[in-house]
Amino acid sequence: MNASYAGFDINAFFRGVGQRDVYPDKESAAFWGPYSRKYMVMPKFVGENIWTEDNPNAYFPRPQAYISTGSQDLSYAQTKYLQNAAYLRLKNLTMGYTLPNSLTKKLHIEKLRVYFTGQNLFEFTPLTDAYDPEGLAHDPDAGESVGIGTAYPIQRTYSFGIELQF
């Protein structure tokens with residue numbers, strides 16, 4: 001999307017997927033936490049949704065290490081833990097203002113523009129914080145679990161600048 005009016009300009013680039021289902025990889029400690037390895041830290045959303053006698057209808061079963069790996073119950077894909085990986089992310093936003101020529105000519109400047117640029121500013125997704133929706137693809141050259149909760153999250157970047165032309 002691109003627009004400009006009276007010296008102001010805006011450029012926005014969105015990226016997203018409308019429908020995508022992903023089952024957490026057995027090695028995805030960011031999702032399974034102690035279900036993949038007994039020494040893993042329990043993510044907050046797991047700790048709040050585990051089976052207890054007071055919470056018998058919890059999303060996750062009774063804590064038990066290694067049941068997401070090998071031939072255990074959680075290692076078989078099932079609809080209960082299927083994640084909706086649809087998302088919409090603002091990949092890039094640039095907003096700027098160009099001062100009028102009547103002001104800049106007095107300073108012997110052809111053009112003076114101030115701007116803000118941001119990358120990966122926000123996303124809408126039903127996924128837990130354990131995943132970056134763009135990092136869910138399998139990399140055929142790097143092994144089967146790369147990206148399924150094992151990749152570094154995409155960084156947010158903010159920049160301000162001045163564009164001068166003499």
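For this chain, numbers begin at 1 and follow the sequence in order. Being a predicted model, the structure only gives us computed values, none of them experimental.
The side-chain hydrogen bond (donor to acceptor under 3.5 Å, both in side chains) search around T94 returns N92, T117, not counting sequence neighbours. Among residues two or more places apart in sequence or in another chain, the ring pair (Phe, Tyr, Trp, His ring centres under 6.0 Å) test is passed with Y158 by none. Partners of Y97 by ring pair (Phe, Tyr, Trp, His ring centres under 6.0 Å), not counting sequence neighbours, listed by chain and number: F8. Scored by the side chain to side chain contact (heavy atoms under 4.5 Å, CB included) test, Q19 finds D21 as partners (sequence neighbours excluded). For K80, the side chain to side chain contact (heavy atoms under 4.5 Å, CB included) criterion is met by Y59, Q78, not counting sequence neighbours.
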Which atom pairs, donor and acceptor, lie under 3.5 Å between side-chain atoms of residues 108-115 and protein residues at least two apart or in another chain?
unit_1, atom_1, unit_2, atom_2, d
R113, NE, D9, OD2, 3.2
R113, NH1, E163, OE1, 3.4
R113, NH2, D9, OD1, 2.7

Can you list, pair by pair, the side-chain donor-acceptor contacts under 3.5 Å of residues 119-127, counting residues two or more places apart and other chains?
unit_1, atom_1, unit_2, atom_2, d
N120, OD1, K91, NZ, 3.3
N120, ND2, Q155, O, 3.1
E123, OE1, R89, NE, 3.0
E123, OE1, R89, NH2, 3.1
E123, OE1, R156, NH1, 3.3
E123, OE2, R156, NH2, 2.9
T125, OG1, A86, O, 3.0
T125, OG1, L127, N, 3.3

Residues 49-58 side chain polar contacts: donor-acceptor under 3.5 Å, at least two apart:
unit_1, atom_1, unit_2, atom_2, d
N49, ND2, F45, O, 2.6
T52, OG1, D54, N, 3.3
T52, OG1, N55, N, 3.0

Requested in this report: Evaluate the criterion side-chain contact (heavy atoms from CB on, under 4.5 Å) for residue pair Q83 and R20; output intermediate values, then yes/no.
Outcome: CA-CA 8 Å; Q83 302 297 298; R20 184 174 182 200; over 6 Å; no
Requested in this report: May I have the step-by-step check of side-chain contact (heavy atoms from CB on, under 4.5 Å) for L88 and V17, ending in yes or no?
Outcome: CA-CA 7 Å; L88 178 64; V17 173; over 6 Å; no
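For L107, the CG atom counts as densely surrounded, since its 6.0 Å shell holds more than 12 non-hydrogen atoms of other residues, nucleotides or ligands.
Hydrophobic side-chain contacts under 4.5 Å tie Y5 to no other Ile, Leu, Val, Met, Phe, Trp or Tyr residue.
L90 and Y87 end up in different hydrophobic clusters when Ile, Leu, Val, Met, Phe, Trp and Tyr side chains are linked at under 4.5 Å.
Here L103 contributes atom CG and K105 contributes atom NZ; the two are 12.5 Å apart, rounded to the nearest 0.5 Å. The distance from atom OH of Y23 to atom OG1 of T79, rounded to the nearest 0.5 Å, is 9.5 Å. To the nearest 0.5 Å, the span separating CZ on F14 from CE on M1 amounts to 5.0 Å.
Between F160 and F116, the ring planes lie tilted relative to each other; the angle falls in the 30° to 60° range.
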